[in-house]
Each structure stands twice: as C-alpha cells, then as structure tokens.
Amino acid sequence: MTDFFGLPAHPLFAHIPVVLIPLCALGVVLMCWPRLRDRIGWFVAGLLVIAGIATQLTISAGQNLEEYVNETKLLHDHVRMGENIRPWLLLMFLCVLGVLLVDRARKKRAAVSPAAETEGRDTLKIASTVLLALALVFSAMSVYWIYEIGHSGSKSVWEKTQVKIDKGSTNGGEGGEGGGG
C-alpha cells in the first residue's frame with residue numbers, strides 16, 4: 001500500500017506503532033504489580049498484537065514508498081533500522097503472553113492445591129519473574145528502536161528544511177540564502 005485516501009500511507013501508519021509501542025512498554029512496567037497485571041495484562045497483549053500489525057503495515061508501506069523517493073544515506077539507515085523493530089516487538093509480545101499464561105497456570109494450581117504455593121521452590125513463580133524481566137528488557141529495546149527509527153525517518157524528510165531554518169532562509173528569498181536580510 002502506497003497511499004491512504006490520497007496521502008502517503010507510510011507516515012500515517014508510522015504514528016500507530018510510535019504511540020502503541022511505548023504505551024505497551026508502560027503497560028509491561030505496570031504488570032510488575034500482580035494486581036495490575038490481572039487487570040491490564042491481556043489488554044497489553046492485545047495492544048501488542050495491534051502494534052505488531054501496524055508495524056508490519058508501516059514497514060510494507062515504507063518499502064512501497066521507497067520507489068518514489070531519492071535514495072540517501074539517511075533513508076538507507078532509516079530502512080535498515082525499521083526492520084530491526086520486528087524481533088524486539090515479537091519477543092516483547094511472547095514474554096507478555098508467557099507471563100499471562102504462567103499466571104493462569106499458577107492460579108489453577110492454587111485453586112486445586114493451595115499448599116503448593118508455599119512448598120519449596122515454585123518453578124511457575126520463577127518462570128513468571130524471568131519472563132516479566134525479559135519483557136521489560138524487550139520493552140526497553142522496542143522503545144529505543146521505535147525512537148531511533150522515528151528520529152531517522154523524520155531527519156531524512158526534514159533535514160533540508162532544518163538547514164534552511166538554521167540559516168534563516170525562506171522560499172520567499174528573505175533571510176540568509178535569499179540575500180534579503
């Protein structure tokens with residue numbers, strides 16, 4: 001998909017993961033508290049699915065848009081970085097899903113055998129803790145990459161305009177380049 005209602009699809013779709021990925025990362029942080037995890041965990045997992053789909057749509061639209069723009073080093077870097085987000089987002093989702101499924105198993109076990117929670121080493125609790133820690137790491141990496149990708153994309157689009165702004169030049173000839181003042 002190259003356009004959406006006559007506008008380039010890539011910059012429109014790009015805003016969905018830019019908003020959802022940090023929001024999901026915040027949700028993962030909030031999932032550190034079991035009471036909040038019960039309330040928002042599946043919502044966070046659902047948002048991660050939407051973020052994953054939106055990310056893939058954004059990448060696909062960007063690949064289609066690539067045919068229409070000049071190849072620059074900034075654009076090349078943006079494209080390369082854009083594809084790096086997928087594994088981090090997938091790993092984040094799988095860890096969140098794992099935490100939720102392990103918590104469900106722990107609750108079922110507690111309903112059947114309440115004493116099992118206090119006897120010895122609880123492998124389900126350890127698994128939940130490890131998965132949550134990994135989800136936090138993958139969340140941080142996803143937020144880092146979505147920031148880097150967005151920054152490189154906006155820089156590749158707006159760098160020439162920023163240079164004009166820094167020089168004080170306008171298209172009307174006033175300022176540094178135009179010799180007006």
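- Between E148 and N84, the closest side-chain pair of non-hydrogen atoms is not below 4.5 Å.
- Rounding to the nearest 0.5 Å gives a distance of 5.0 Å between CG of L89 and OG1 of T55.
- Hydrophobic clustering of Ile, Leu, Val, Met, Phe, Trp and Tyr side chains at less than 4.5 Å, counting indirect connections, keeps F43 apart from V19.
- Distance CD1/I21 to OH/Y147: 15.5 Å, rounded to 0.5 Å.
- With rounding to the nearest 0.5 Å, the separation of CG in L48 from CD1 in I53 is 11.0 Å.
- Rounding to the nearest 0.5 Å places OG of S139 at 13.0 Å from CZ of F93.
- With values rounded to the nearest 0.5 angstrom, T129 atom OG1 is found 11.0 Å from L134 atom CG.
- For the pair S142 and M92, the tightest heavy-atom approach, listed with the atom from each and the gap, is OG-SD, 3.8 Å.
- Between C24 and V44, the shortest heavy-atom contact is O-CG1, 3.9 Å.
- Using a 4.5 Å heavy-atom cutoff, the side chains of V96 and V28 are in contact.
- M31 places a side-chain heavy atom less than 4.5 Å from the side chain of L100.
- For the pair L57/I16, no side-chain contact is recorded, criterion being any heavy-atom separation below 4.5 Å from C-beta on.
- You'll find the side chain of M141 stays beyond 4.5 Å of the side chain of L91, heavy atoms only.
- Residues R106 and P34 have side chains not in contact (no heavy-atom distance under 4.5 Å, counting atoms from C-beta outward).
- In this structure the side chain of W42 reaches within 4.5 angstrom of the side chain of L97, judged on heavy atoms.
- Annotation for S128 and D103: closest pair OG-OD1, 3.2 Å, computed over non-hydrogen atoms.
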Working note: L136 + C32, criterion side-chain contact (heavy atoms from CB on, under 4.5 Å); need CA distance, chi angles, decisive distance, verdict.
CA-CA 9 Å; L136 288 166; C32 290; 3.8 Å; yes
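- Here I149 contributes atom CD1 and T58 contributes atom OG1; the two are 10.0 Å apart, rounded to the nearest 0.5 Å.
- Residues P17 and I146 are in side-chain contact: their nearest non-hydrogen atoms beyond the backbone lie under 4.5 Å apart.
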